[in-house]
Amino acid sequence: MPKEYRTIQEVSGPLMLVREVDEVKFNELGEIELANGERYRCRVLEINGTNVLVQLFESSAGINLANSKVRFLGRQMELGVSTDMLGRVFDGLGRPIDDGPELIPEKRMDINGRPMNPAARNYPQEFIQTGVSAIDGLNTLVRGQKLPIFSGSGLPHAQLAAQIARQAKVRGADEQFAVVFAAIGITFEESNYFVESFRSTGAIDRTVMFSNLANDPAIERIATPKMALTAAEFLAFEKGMHVLVIMTDITNYADALREVSAARKEVPGRRGYPGYMYTDLASIYERAGRQKGKEGSITMIPILTMPEDDKTHPIPDLTGYITEGQIILSRQLNRNGITPPIDVLPSLSRLKDKGIGDGKTRLDHSDTMNQLFSAYARGKDAKELMVILGEAALTEMDLLYANFADEFEKTYVSQGFETNRSIEETLDLGWKLLAILPRSELKRISDKLLDEYYGKV
């Protein structure tokens, strides 16, 4: 039976100080019992001699210091995991909220996980098809990769997240695929949108969803991504599934970290965020990957809204250091009615070369990708010149490139949130667009491929 303590000294916001405590560990779970029998949960944040600072999961309102007692449970926060989690919706602490039965766990796992030994990692190299041309064709997602989406407030990242979760698949008949979707600090309407979107298309059957709402406590917000990754690790490394983890919105997670840090009166770092935010984010992102000797894999798409659309803000800045590239959503493209508004030029997938080519996508993928990037960049330059100097100042070739850029945005990037394109459809569409330009301009594609595809798709 855990030892009980009646030595609560003070409560300040979500924090509580308990004196004369022995043999507790950092992050250990505790339970506070009030005089009326009500129970609150907490976890150990700091140990200083026999003084222990704990953080409450619920509001501290109504706690009478003299009549309440605390017991520590001797374990960290755990998640009961089972393959029955697929098709279910949980709150940020792993409790079912979909009116379904309680889960009977196959085992219980510590949500903090264990860092993957770099020597035990396999290099990411298999293609994952999202059905979104701007990602599959130009910034390809590879199994085991971490590829964040950088968005801005009011941009349709929720629709893009739902689209990828519905459409994503690994190619290969016998591959098991699942999606773990973690919604962090979102509104009830957004949460409802995701659940209904998955249910209406049947995607819910292969999805585990964790939903943490904006009015839930900050501590739950911090636990949600760890809960999601624990479920993903179980499905990937114990059940041999290929798991895509989508998290939205990492900015809300970082804000919860800042809130807890401020309550602890820690010395703030950049913009008030704690100095350890880099290592904290790394402890989440680095749980994705492939392990030697294990069938499954975890691929991660964290989504974050950049405050004031600022790429140098600490959250996108630190995320960019840890992950392998980024997909950037553009406010200008969104204004122009391009959906999804993916700005392909500043976007980057550092592992795309590893997941494309013969046997993975198609032999022409690499050459056409480079040519599309090049032609679109030149077309954008031509359009900017047109704004400054007028159309009459442009050469015929510049006008062709400007026309290419417009068509590229309208047909290749803008496919709507319901269209699911196979990689073959995406590559064929790229060839159709390249046919706008004379063959002599396509200097990044081999003659052999031009003979096979140019003007014939």
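Just so it is clear, the values below take in all heavy atoms, side chains as well, and ignore hydrogens, waters and symmetry mates. The first residue of the sequence shown is numbered 1, and numbering continues consecutively from there.
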Problem set entry | salt bridge (charged side-chain N to carboxylate O under 4.0 Å, His left out) contacts touching residues 142-164 (sequence neighbours left out) | Arg143-Glu175, Lys146-Glu286, Lys146-Glu324
Problem set entry | Check: Arg41 and Ile219 side chains under 4.5 Å, non-hydrogen atoms | no
Problem set entry | Side chain Thr339, main chain Ser414, donor-acceptor under 3.5 Å | no
Exercise. Listed by chain and number, what are the ring-ring contact (aromatic ring centres under 6.0 Å, His included) partners of Tyr376, not counting sequence neighbours?
Worked result: Phe408
Exercise. Partners of Tyr40 by side chain to side chain contact (heavy atoms under 4.5 Å, CB included), sequence neighbours excluded?
Worked result: Ile32, Leu34, Glu38, Glu58, Ile63
Exercise. With distance as the sole test, does Gln167 use its side chain to make a donor-acceptor pair with the main-chain N or O of Thr130 at under 3.5 Å?
Worked result: yes
Exercise. How long is the gap from CD1 on Ile303 to CG on Asp249, to the nearest 0.5 Å?
Worked result: 8.0 Å
For this session: Specify the closest pair of heavy atoms between Ser191 and Ser211, including all atoms of both residues, with the distance to one decimal.
Result: OG-OG, 2.8 Å
Exercise. Do any N or O atoms from the side chain of Ser347 and from the backbone of Ile328 form a donor-acceptor pair under 3.5 angstrom?
Worked result: yes
For this session: In plain terms, say whether Arg271 and Asp310 are close enough for a salt bridge, that is, a side-chain N and a carboxylate O under 4.0 Å apart.
Result: yes
For this session: For the pair Glu126 and Arg290, find out whether any cationic side-chain nitrogen is under 4.0 Å from an anionic carboxylate oxygen.
Result: yes
Exercise. Do Asn215 and Phe188 have side-chain heavy atoms sitting under 4.5 Å apart?
Worked result: no
Exercise. Can you check whether Lys354's main-chain N or O pairs, donor with acceptor, with Lys360's side chain at less than 3.5 Å?
Worked result: yes
Exercise. Between the side chains of Asn336 and Glu409, is a donor N or O closer than 3.5 angstrom to an acceptor N or O?
Worked result: no
Exercise. Is the backbone N or O of Ile184 less than 3.5 Å from a side-chain atom of Asn252, with the two atoms forming a donor-acceptor pair by type?
Worked result: yes
Exercise. Arg258 side chain to Pro268 main-chain N or O, any donor-acceptor pair under 3.5 Å?
Worked result: no
Problem set entry | Under-4.0 Å salt bridge between Glu424 and Arg171 | yes
Problem set entry | Any side-chain heavy-atom pair of Gln326 and Leu348 under 4.5 Å | yes
Seminar exercise, completed: ring-ring contact (aromatic ring centres under 6.0 Å, His included) filter on Phe198, not counting sequence neighbours, yields Phe181
Exercise. Using a distance-only test with no angle check, is there a side-chain donor-acceptor pair under 3.5 angstrom linking Thr319 and Tyr285?
Worked result: yes
Problem set entry | Main-chain N/O of Asn370 paired with Ser374 side-chain donor or acceptor, under 3.5 Å | no
For this session: Find out whether Leu15 and Glu46 are in side-chain contact, i.e. whether some heavy atom of one side chain is under 4.5 Å from a heavy atom of the other.
Result: no
Exercise. Taking only residues two or more places apart in sequence, or in another chain, which ones meet Phe150 in a ring-ring contact (aromatic ring centres under 6.0 Å, His included)?
Worked result: none
For this session: Classify the side-chain pair Thr230/Arg287 by whether it contains a donor and acceptor separated by less than 3.5 Å.
Result: yes
For this session: Check whether any side-chain N or O of Thr279 sits under 3.5 Å from a backbone N or O of Tyr276 as a donor-acceptor pair, and report yes or no.
Result: yes
Exercise. Salt bridge between Arg378 and Asp381, side-chain N to carboxylate O under 4.0 Å?
Worked result: no
For this session: Carefully, step by step, assess Thr426 and Arg421 under the rule side chain to side chain donor-acceptor pair (under 3.5 Å).
Result: CA-CA 6 Å; Thr426 291; Arg421 289 182 186 154; 5.3 Å; no
Exercise. Ile423 and Gln129: which non-hydrogen atoms are nearest, and at how many Å?
Worked result: N-OE1, 3.2 Å
For this session: Identify the heavy atoms of Ser151 and Leu329 that sit nearest to each other, and give their distance.
Result: OG-CD1, 3.6 Å
Problem set entry | Residue among Ile327, Ile164, Leu147 satisfying side-chain contact (heavy atoms from CB on, under 4.5 Å) with Leu141 | Leu147
For this session: Inspect the contact between Asp406 and Lys383 and indicate whether a charged nitrogen and a carboxylate oxygen are less than 4.0 angstrom apart.
Result: yes
Exercise. Can you find a heavy atom in the side chain of Thr312 that is under 4.5 Å from one in the side chain of Asp317?
Worked result: no
For this session: Identify the two heavy atoms, one from Met369 and one from Leu138, that lie closest to each other, and give their separation to 0.1 Å.
Result: SD-O, 3.8 Å
Problem set entry | Among Asp136, Val170, Val142, the one residue meeting side-chain contact (heavy atoms from CB on, under 4.5 Å) with Phe127 | Asp136
Problem set entry | Which atom of Met241 lies closest to which atom of Phe177, heavy atoms considered | CE-O, 4.1 Å
Exercise. Do Gln415 side-chain atoms and Ser133 backbone N/O form a donor-acceptor pair below 3.5 Å?
Worked result: yes
For this session: Enumerate the residue pairs fulfilling ring-ring contact (aromatic ring centres under 6.0 Å, His included) with a member in residues 299-358, sequence neighbours excluded, ordered by first and then second residue.
Result: Tyr273-His313
For this session: Quick one: closest heavy-atom pair of Gln55 and Val260, and the distance?
Result: NE2-CG2, 3.0 Å
Exercise. For Gly92, does its backbone N or O pair with a side-chain atom of Asn212 as donor and acceptor, under 3.5 Å?
Worked result: no
